[in-house]
> 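Got a structure here, written out as structure tokens. Questions coming.
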Amino acid sequence: MAFIQNLINGIGLGSVYAIIALGYTMVYGIAKMLNFAHGDIIMIGGYVAFCTYTYLGWPVVAAIVASIIICTLLGITVEFLAYKPLRGATSLAVLITAIGVSYFLQNIALIIWTSNTKSFPNMVSFMPSVSIGDITISGTTIITIFACILIMVGLTTFTSKTKLGKAMRAVSEDRGAAELMGINVNVTISLTFAIGSGLAAIAAILFLSAYPTLIPTTGSMPGIKAFTAAVFGGIGSIPGALIGGILLGVIEILAKAYISTQLSDAIVFAVLIIVLIFKPTGLLGKKIREKV
Amino acid sequence: MKKMINKSTVTSFINYGIVIALFAVFQTLSATGNLSRQLTGLLIPICAYVIMALALNLVVGISGELSLGHAGFMSVGAFSGVITAAALQNSVTNDVARFVIAVVVAALIAAIAGLIIGIPVLRLRGDYLAIVTLAFGEIIKNVLTCLYIGVDSKGLHISAVSEEALGLEATGKAIVKGPMGAVGIMKISTFISGIILVLIALFVIQNLINSRTGRAIKAIRDNRIAAEACGLNVVKYKLIAFVTSAAIAGSAGALYAMNYSSITPKKFDFNTSILVLVFVVLGGIGNLTGSIIAAIVLVALPELLREFSDYRMLVYAVVLILVMIISNNQKTRAFIGKIFGVFKKKKEGEDN
């Protein structure tokens with residue numbers, strides 16, 4: 001029974017990783033860049049939700065919407081100011097810029113909200129926990145898994161059915177050809193950042209409702225884990241992000257429960273390395289053929 | 001006569017010259033008491049970071065692989081160095097000899113770690129390689145956080161549970177205490193030993209780069225397929241660069257750790273790896289002189305900006321972003337090119 005309980009908790013945590021991983025994977029697919037500042041957008045989303053909910057006393061829905069809007073705008077702004085001037089630059093230059101943005105956001109948060117730990121309120125407490133026999137599933141876990149499924153279905157429909165979604169896929173396939181077909185590449189990239197950052201806000205609220213410590217570096221560890229999840233599933237692939245995220249969450253919780261709490265991160269990363277050795281482009285990654 | 005000295009030799013000697021000149025400057029400054037206390041305390045960390053930047057430049061710049069976990073090797077070196085020094089405290093009484101042995105052991109163990117990590121990792125490419133090095137860095141940090149090591153008359157005791165589980169004799173002492181890291185370190189690093197290590201690192205890297213092996217490594221970086229077609233063993237050469245870099249990073253770690261009385265595994269996390277990568281990129285990828293200067297300036301800068309304590313990291317971040325944009329954007333590059341173009345033409349005109 002305890003095993004099933006752990007498994008469900010793992011899927012809950014994994015769903016959060018999956019939502020964050022989507023932001024990484026979509027941006028990587030389209031802009032071919034590792035957006036290391038994504039974790040810090042999560043942190044900003046957390047602070048915005050915290051302030052509007054606790055200090056301003058807004059209702060839960062309003063706080064969540066405010067957080068999503070701020071994060072979306074932040075994502076677009078960051079893309080416009082820092083990444084757009086670097087189109088066509090080496091990937092290392094873009095990576096360092098992303099790290100610069102990450103430092104910037106962390107230090108802005110440090111100045112505005114100081115380094116004092118804030119205890120994030122459970123914003124999805126309206127959902128009661130459910131007990132089946134010995135197993136108790138917390139309301140937060142239910143909401144998280146539900147939100148993850150909803151987002152996955154929504155995004156898959158968006159990228160396969162709508163014109164903008166198809167444009168996104170076209171740009172990730174071949175940017176030059178997409179441009180020749182009349183797709184506005186810059187708008188498409190901005191849109192990707194907007195969606196990824198909006199999802200980061202949702203992930204922030206779900207993650208912090210379960211793990212309520214809010215400090216300026218809150219975003220970095222889930223960020224790195226979710227990035228690992230994206231690579232795990234095959235970076236650039238949306239279903240890959242889901243599978244990678246959930247597997248990572250389950251492995252982490254099971255490792256914590258049965259092996260060692262301190263070593264759980266090491267185990268997660270070790271599994272990642274083993275997967276990459278046998279499948280060098282991740283579980284669902286495309287094989288890239290080299291042309292000479 | 002002029003043709004006998006080639007360009008790379010000149011660059012090598014310029015680098016040695018810069019390091020020795022900087023040493024002379026800092027040494028005179030501190031001897032005459034003109035160096036602030038903060039900066040004096042930073043001299044050894046600066047040396048360690050310069051060595052780290054040189055080591056990472058060998059991987060990123062010369063071998064063309066992105067490593068995001070180099071702090072892991074620094075960590076391995078730091079802890080093995082500290083443990084060696086503590087274990088030899090009674091048998092080797094001379095500080096200098098103990099320091100040398102500790103650094104050599106640190107480099108060797110870091111090299112072994114580099115070999116273990118390099119063999120699976122170097123089969124991957126590009127961003128996947130980056131993420132795996134990141135993962136290894138985190139694993140090393142995590143494992144070291146759980147490790148307890150002590151020494152007594154029977155030798156080294158290792159445990160992954162707690163300090164008590166070491167079963168030390170009454171005269172023995174714990175060197176590494178899990179999350180608390182290594183404690184009670186003898187501070188035997190000196191500025192001179194740091195500078196000598198920098199020179200050794202430079203010597204090793206520059207000779208490697210300008211050797212037949214180095215040319216093979218660069219050929220693989222520039223075109224893997226063509227190099228393979230010429231009969232070069234890609235994995236072997238990449239491994240040579242990676243392991244050399246890991247060994248040098250390990251010695252930097254030992255130097256760094258033996259400058260403090262205690263050190264935690266958390267000190268060498270992802271952020272440290274990134275910090276060193278920033279030195280390499282800002283100094284110019286593949287440019288050793290640039291790495292040296294960038295590491296010195298960027299380690300000293302936040303300390304010198306202490307007065308603006310809250311804003312210094314913010315300024316650092318903004319400067320980082322601006323430098324990257326200015327140096328990589330095509331428009332700004334063309335603009336800078338034009339300005340320098342004007343100067344060049346003027347100079348040529350003067351020459352005529």
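FYI, side chains are in, hydrogens and waters are out, and symmetry mates aren't considered; it's all heavy atoms of this structure. Each chain gets a letter, A, B and so on, in the order its sequence line appears, and its residues count up from 1. Quick caveat, the model's predicted, so the values are computed rather than measured.
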> Among B/Val318, B/Asn271, B/Leu277, who wins on heavy-atom pairs under 4.5 Å with chain A?
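Option with the greatest count: B/Leu277.
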> For A/Tyr83, which atoms come within 4.5 Å of any heavy atom of chain B: side chain, backbone, both, or neither?
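Looking at A/Tyr83, nothing touches chain B.
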> Quick check: are there more than 12 heavy atoms from other residues, nucleotides or ligands sitting under 6.0 Å from OH of A/Tyr258?
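More than 12 heavy atoms, drawn from other residues, nucleotides or ligands, come within 6.0 Å of this atom.
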> Would you check if B/Val315 and A/Asn107 make a side-chain contact, meaning some heavy-atom pair closer than 4.5 Å?
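Result no, sub-4.5 Å side-chain heavy-atom pair not found.
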> Side chains of A/Leu95 and B/Leu66: does their closest heavy-atom pair fall under 4.5 Å?
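Yes; the side chains approach each other to less than 4.5 Å.
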> Looking only at heavy atoms, what is the nearest atom pair of A/Ala93 and B/Asn328, with distance?
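Taking every non-hydrogen atom into account, CB-ND2, 3.4 Å.
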> Output all residues satisfying ring-ring contact (aromatic ring centres under 6.0 Å, His included) with A/Tyr211, sequence neighbours left out; order by chain, then residue number.
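For A/Tyr211, the residues satisfying ring-ring contact (aromatic ring centres under 6.0 Å, His included) (neighbours in sequence not counted) are A/Phe207.
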> At what distance, to the nearest 0.5 angstrom, does CD1 of A/Ile224 lie from CG of B/Leu134?
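The CG atom of B/Leu134 is 5.5 Å from CD1 of A/Ile224, to the nearest 0.5 Å.
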> At a heavy-atom separation under 4.5 Å, does A/Ile277 approach chain B through its side chain, its backbone, both, or neither?
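Both backbone and side chain.
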> Which residue out of A/Leu110, A/Val268, A/Ile235 racks up the most heavy-atom pairs below 4.5 Å with chain B?
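Top count of heavy-atom pairs under 4.5 Å with chain B: A/Ile235.
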> For the residue pair A/Leu272 and B/Ala135, what are the closest heavy atoms and their distance?
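So the minimum-distance heavy-atom pair works out to CD2-CB, 3.9 Å.
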> Any chance you could measure A/Ile99, atom CD1, to B/Leu68, atom CG, to the nearest 0.5 Å?
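Going from the CD1 atom of A/Ile99 to the CG atom of B/Leu68 covers 7.0 Å.
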> Do you know the tightest heavy-atom contact between A/Gly100 and B/Ala317?
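Nearest pair, atom of A/Gly100 first, then B/Ala317: O-CB, 3.5 Å.
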> Check whether any side-chain heavy atom of A/Phe269 lies under 4.5 Å from a side-chain heavy atom of B/Ile140, and answer yes or no.
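The answer is no, as the side chains (C-beta and beyond) never meet within the 4.5 Å cut-off.
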> Find out whether A/Met221 and B/Glu138 are in side-chain contact, i.e. whether some heavy atom of one side chain is under 4.5 Å from a heavy atom of the other.
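Side-chain contact under 4.5 Å: yes.
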> Crowded around B/Lys266 NZ? As in, over 12 foreign heavy atoms under 6.0 Å?
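No, because the 6.0 Å sphere around NZ of B/Lys266 holds 12 heavy atoms or fewer from other groups.
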> Is any side-chain heavy atom of B/Ile274 less than 4.5 Å from a side-chain heavy atom of A/Tyr103?
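Side-chain contact under 4.5 Å: yes.
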> Once you round to the nearest 0.5 Å, how far does CD1 of B/Ile325 lie from OG1 of A/Thr97?
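That separation rounds to 6.0 Å.
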> Using every non-hydrogen atom in the two residues, find where B/Ile321 and A/Ala82 come nearest and quote the distance to one decimal.
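Nearest pair, atom of B/Ile321 first, then A/Ala82: CG2-CB, 4.2 Å.
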> Minimum heavy-atom separation for A/Leu92 and B/Val281, please, with both atom names.
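Closest pair (atom of A/Leu92, atom of B/Val281, distance): CD2-CG2, 3.9 Å.
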> More than 12 non-hydrogen atoms from neighbouring residues, nucleotides or ligands closer than 6.0 Å to CD on A/Glu173, yes or no?
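12 or below, so no.
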> Over all heavy atoms of both residues, which pair between B/Asn142 and A/Leu263 is shortest? Give the atoms and the distance, please.
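Looking at all heavy atoms of both residues, the closest pair is O-CD2, 4.0 Å.
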> Starting at CG of A/Leu81, measure out to CG of B/Leu322 and round the result to the nearest 0.5 Å.
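Here the interatomic distance stands at 10.0 Å.
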> Is A/Leu34 in contact with chain B via its backbone, its side chain, both, or neither, using a 4.5 Å heavy-atom distance?
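Side chain of A/Leu34 only, per the 4.5 Å heavy-atom cut-off to chain B.
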> Could you check which of B/Ala229, B/Pro179, B/Cys146, B/Ala226 has the highest count of heavy-atom pairs closer than 4.5 Å to chain A?
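Going by pairs under 4.5 Å, I would pick B/Cys146.
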> Which region of A/Leu105, side chain (C-beta onward) or backbone (N, CA, C, O), has a non-hydrogen atom less than 4.5 Å from a non-hydrogen atom of chain B, or is it both or neither?
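No part of it gets close to chain B.
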> So do B/Ile139 and A/Ile273 actually touch side chain to side chain, heavy atoms under 4.5 Å?
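A side-chain contact exists here, since the closest heavy-atom pair is under 4.5 Å.
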> Of the backbone (N, CA, C, O) and the side chain (C-beta and beyond), which part of A/Ile111 lies under 4.5 Å from a heavy atom of chain B, both, or neither?
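A/Ile111 touches chain B through side-chain heavy atoms alone.
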> So what's closer than 4.5 Å to chain A heavy atoms on B/Phe270: side chain, backbone, both or neither?
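For B/Phe270, side-chain heavy atoms alone lie under 4.5 Å from chain A.
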